[in-house]
Amino acid sequence: MAFDYDKYLRPGKLPHIWCPGCGHGIVLKGLLRAIDACELEKNRTAIVSGIGCASRLPGYVDFNTLHTAHGRAAAFATGIKMAQPDMNVLVVGGDGDGVAIGGNHFIHACRRNIDMTYVLMNNFIYGMTGGQFSPCTPTGDKASTTPYGNPDPTFDISKLAIGAGATFVARTTAYHATQIDKLIAEGIRHKGMAIIEVLDDCPTTYGRRNKFRSVVDMMKRFKELAVPVAKAATMSKEELDGKIVTGILHREERPEYCEQYAEVIKRAQNL
Amino acid sequence: MNTPRLEIIEHYCKGCSICVEFCPTNVLEMDGFLAKVIRPEACIGCMQCELRCPDFAIKVHKD
């Protein structure tokens, strides 16, 4: 049976602004299926974003939504969670918003291990502003500001999140549509900071500058490069070079920030 | 089982052709910048088109 997305969408908002073939729509559908699977109540769920193409997502969904300052989604989301620890807080955004402009907020949200789910759509580029290179643009690839190839090394968002202290880190791609909702649902159920990195396609500003003939070519490349985490464990470093390891990359239990803060309040009140 | 019925919401379709490329039985074809059902009887209800459509533009009805 077809999944009823309409019950979670704001009426009259579609068609969305994303370009033909943009994977953000696929991620949005995965997010809604995950929310449905976790049976989150609309009034007890907040979806927060910063600025960018991916950050337009909350405008289409019928939850408590915040469209905030560039890169500051994690900071606003932390505020919501601190004020209302029972609220289910989800953050969405792109690579430019999350780990470039908002890199500082991103790592500190990971470090605190506050109970929220961050879906980071990594499309390797600043799409909305005209295709400038981001810290996630692969080395050598072209962007509007690197017409001769990007000389910068690339951020590995999942590794960054693990290093910064996130207790649940997973990665998938826009091609693996059924995996998106499963990983987001796992992230929502996890107590603590959950980062789900979804490698996404931007056919308009990234694909056409980097010799992808169509959005389908970009999808097929994700299919070719993806290696499930269990298989990756059996492969050498050389074999994994240039591959995308998908699945749950890291999971641990660590005290959650709101609970720790509640302890602080108790201690202070006893004085 | 009845053959599933495909519904294309033309107002939402942006013509990315993802559904056409991923359909295993070539039910769909591009008609300019719109996806079009050309072989409805071949649909096996695998849901690939609905799952992958970024624009909420295609629905598979199995009733």
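A note on names: the letters A, B, ... follow the listed sequences, proteins ahead of strands, and every chain is numbered from 1.
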Point-to-point distance, once rounded to the nearest 0.5 Å, from CG of B/L51 to CD1 of A/I180 = 8.0 Å
A/I17 and B/K14: which non-hydrogen atoms are nearest, and at how many Å?
-> C-NZ, 4.2 Å
Check the pair A/L9 / B/F56 against side chain to side chain contact (heavy atoms under 4.5 Å, CB included), numbers first and verdict last.
-> CA-CA 11 Å; A/L9 293 170; B/F56 298 86; 3.8 Å; yes
Return yes when atom NZ of A/K42 has more than 12 non-hydrogen atoms of other residues, nucleotides or ligands closer than 6.0 Å, and no otherwise.
-> yes
What distance separates A/W18 CH2 from B/C16 SG, expressed to the nearest 0.5 Å?
-> 13.5 Å
Measure distances from B/C13 to the heavy atoms of chain A and classify the residue's part below 4.5 Å as side chain, backbone, both or neither.
-> neither
Of B/K59, B/E21, B/R52, B/Q48, the largest count of non-hydrogen pairs under 4.5 angstrom with chain A goes to B/R52
Any donor-acceptor N/O pair, A/H16 side chain to B/P54 backbone, under 3.5 Å = yes
More than 12 foreign heavy atoms under 6.0 Å from OH of A/Y5: is that the case here?
-> yes
Just by distance, do the side chain of A/K29 and the backbone of B/D55 share a donor-acceptor pair under 3.5 Å?
-> no
Is it true that atom NZ of A/K211 has more than 12 heavy atoms of other residues, nucleotides or ligands lying nearer than 6.0 Å?
-> no
Stepwise, does the side chain to side chain contact (heavy atoms under 4.5 Å, CB included) test hold for A/T178 with B/M47?
-> CA-CA 11 Å; A/T178 51; B/M47 313 289 286; over 6 Å; no
Relative to the ring of A/Y175, is the ring of B/F22 parallel (under 30°), tilted (30 to 60°) or perpendicular (over 60°)?
-> tilted
Determine whether more than 12 heavy atoms belonging to other residues, nucleotides or ligands lie under 6.0 Å from atom CZ of A/R56.
-> no
